[in-house]
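The structure's right below; bear with me while I get my questions together.
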Amino acid sequence: QEHLVESGGGSVQAGGSLRLSCVASGYADSLISTGWFRRAPGKVREGVAVIHRRSGITYYADSVEGRFTISQDNAKNTIYLHMTSLKPEDTAMYYCAARSTSRWDGWAAESTYNDWGQGTQVTVFS
């Protein structure tokens, strides 16, 4: 049974840093890419960053480029999102997403991903 578990959320002052982790279990060799989405209050869920498991190719939203870094440890089936220079507008529930099917609607499309974690809250205060 495929399963995603996020951790690492919390509250931080603007300008600070946080690192999120997501452990993916039960995928064997089927996992193609994993990444992070977020939903801020009153907004739709948006793609933040995604990494391709085999190639390591990464994708970032313009709003986080240069501040956030996505990485992976395939031996541990874990992906990370290192967030720096955090801003109040980064406040959101962050979700881990996994793609293990051939469907591709773009890296930032929710429909590309077939599994989701429960989310971890990130709050940035000024």
Side-chain angles (χ1 to χ4, degrees):
Q1 186 77 18
E2 295 88 357
H3 197 52
L4 300 171
V5 178
E6 306 101 331
S7 62
S11 295
V12 64
Q13 193 168 20
S17 301
L18 279 175
R19 189 180 78 161
L20 306 183
S21 301
C22 173
V23 179
S25 57
Y27 288 91
D29 292 328
S30 67
L31 200 57
I32 298 172
S33 57
T34 47
W36 296 93
F37 281 67
R38 67 185 181 186
R39 180 184 285 128
K43 296 187 177 181
V44 299
R45 188 156 58 180
E46 62 174 356
V48 175
V50 167
I51 187 165
H52 190 275
R53 181 177 175 85
R54 292 188 179 181
S55 69
I57 292 173
T58 57
Y59 305 88
Y60 292 95
D62 290 344
S63 58
V64 306
E65 182 87 54
R67 299 188 299 122
F68 291 10
T69 302
I70 189 169
S71 61
Q72 63 187 354
D73 183 337
N74 289 343
K76 295 181 179 179
N77 294 316
T78 301
I79 65 165
Y80 306 95
L81 185 68
H82 188 205
M83 306 182 291
T84 65
S85 301
L86 282 161
K87 305 175 182 180
E89 50 263 44
D90 294 316
T91 294
M93 183 71 80
Y94 284 71
Y95 298 89
C96 183
R99 173 185 174 224
S100 58
T101 70
S102 59
R103 180 168 184 167
W104 176 255
D105 294 324
W107 78 265
E110 290 188 60
S111 56
T112 293
Y113 306 90
N114 50 290
D115 286 311
W116 296 84
Q118 293 298 307
T120 185
Q121 177 68 37
V122 171
T123 301
V124 184
F125 56 92
S126 56

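All residue numbers in this chain count up from 1 along the given sequence. Just so you know, these numbers use all the heavy atoms, side chains as well, and skip hydrogens, waters and symmetry mates.
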*Is there a chain of hydrophobic side chains (I, L, V, M, F, W, Y, each step under 4.5 Å between heavy atoms) that links I70 to I32?*
no
*asked:* Suppose the criterion is ring pair (Phe, Tyr, Trp, His ring centres under 6.0 Å): which pairs have a residue in residues 14-50, not counting sequence neighbours?
replied: F37-Y113, F37-W116
*Which disulfide bond (SG atoms under 2.5 Å apart) pairs, counting each pair once, include a residue from residues 74-126, with sequence neighbours left out?*
C22-C96
*Nearest heavy-atom neighbours spanning L86 and M83*: CD2-CB, 3.8 Å
*Sort and list the pairs that fulfil ring pair (Phe, Tyr, Trp, His ring centres under 6.0 Å) and have at least one residue in residues 64-92, not counting sequence neighbours.*
none
*Partner set under side-chain hydrogen bond (donor to acceptor under 3.5 Å, both in side chains) for S55, not counting sequence neighbours*: H52
*Would you indicate whether the side-chain heavy atoms of I57 and I51 approach each other to under 4.5 Å?*
no
*What residues form a side-chain hydrogen bond (donor to acceptor under 3.5 Å, both in side chains) with T123, not counting sequence neighbours?*
Q121
*Can you list every side-chain hydrogen bond (donor to acceptor under 3.5 Å, both in side chains) pair that touches residues 2-16, not counting sequence neighbours?*
none
*Pairs involving residues 20-37, ordered by first then second residue, that meet salt bridge (charged side-chain N to carboxylate O under 4.0 Å, His left out) (sequence neighbours left out)*: none
_So which atom in V50 and which in S33 form the shortest heavy-atom distance, rounded to 0.1 Å?_
CG1-CB, 4.1 Å
*Applying side-chain hydrogen bond (donor to acceptor under 3.5 Å, both in side chains), name anything that partners T120, two or more places apart in sequence or on another chain.*
none
*P88 and S126: which non-hydrogen atoms are nearest, and at how many Å?*
CG-CB, 4.1 Å
_Please determine whether residues V12 and L20 belong to a single hydrophobic cluster, defined as Ile, Leu, Val, Met, Phe, Trp and Tyr linked transitively by side-chain heavy-atom distances below 4.5 Å._
yes
*Give the C-alpha distance, both sets of side-chain angles, the deciding distance and a yes or no for side chain to side chain contact (heavy atoms under 4.5 Å, CB included) between T91 and V122.*
CA-CA 5 Å; T91 294; V122 171; 5.9 Å; no
*Scan for side-chain hydrogen bond (donor to acceptor under 3.5 Å, both in side chains) pairs involving residues 97-107, sequence neighbours excluded, and state none if there are none.*
S100-N114, R103-D105, D105-S111
*Residue pairs fulfilling salt bridge (charged side-chain N to carboxylate O under 4.0 Å, His left out) with at least one residue in residues 106-126, sequence neighbours excluded*: R45-E110
_If you define the side chain from C-beta out and look only at heavy atoms, does anything of T34 sit under 4.5 Å from R53?_
no
_Euclidean distance, L4 CG relative to Y95 OH, rounded to 0.5 Å_ = 13.5 Å
*With a 4.5 Å heavy-atom cut-off, do L81 and T69 have their side chains touching?*
no
*Nearest 0.5 Å please: distance from the CG atom of N74 over to the CG atom of L31.*
8.5 Å
*Residue pairs, two or more places apart or on separate chains, that pass salt bridge (charged side-chain N to carboxylate O under 4.0 Å, His left out) and touch residues 13-27*: none
*So which pairs with a foot in residues 79-91 pass salt bridge (charged side-chain N to carboxylate O under 4.0 Å, His left out), sequence neighbours left out?*
R38-D90, R67-D90
*With rounding to the nearest 0.5 Å, note down the distance linking CD1 in I79 to OG in S21.*
9.0 Å
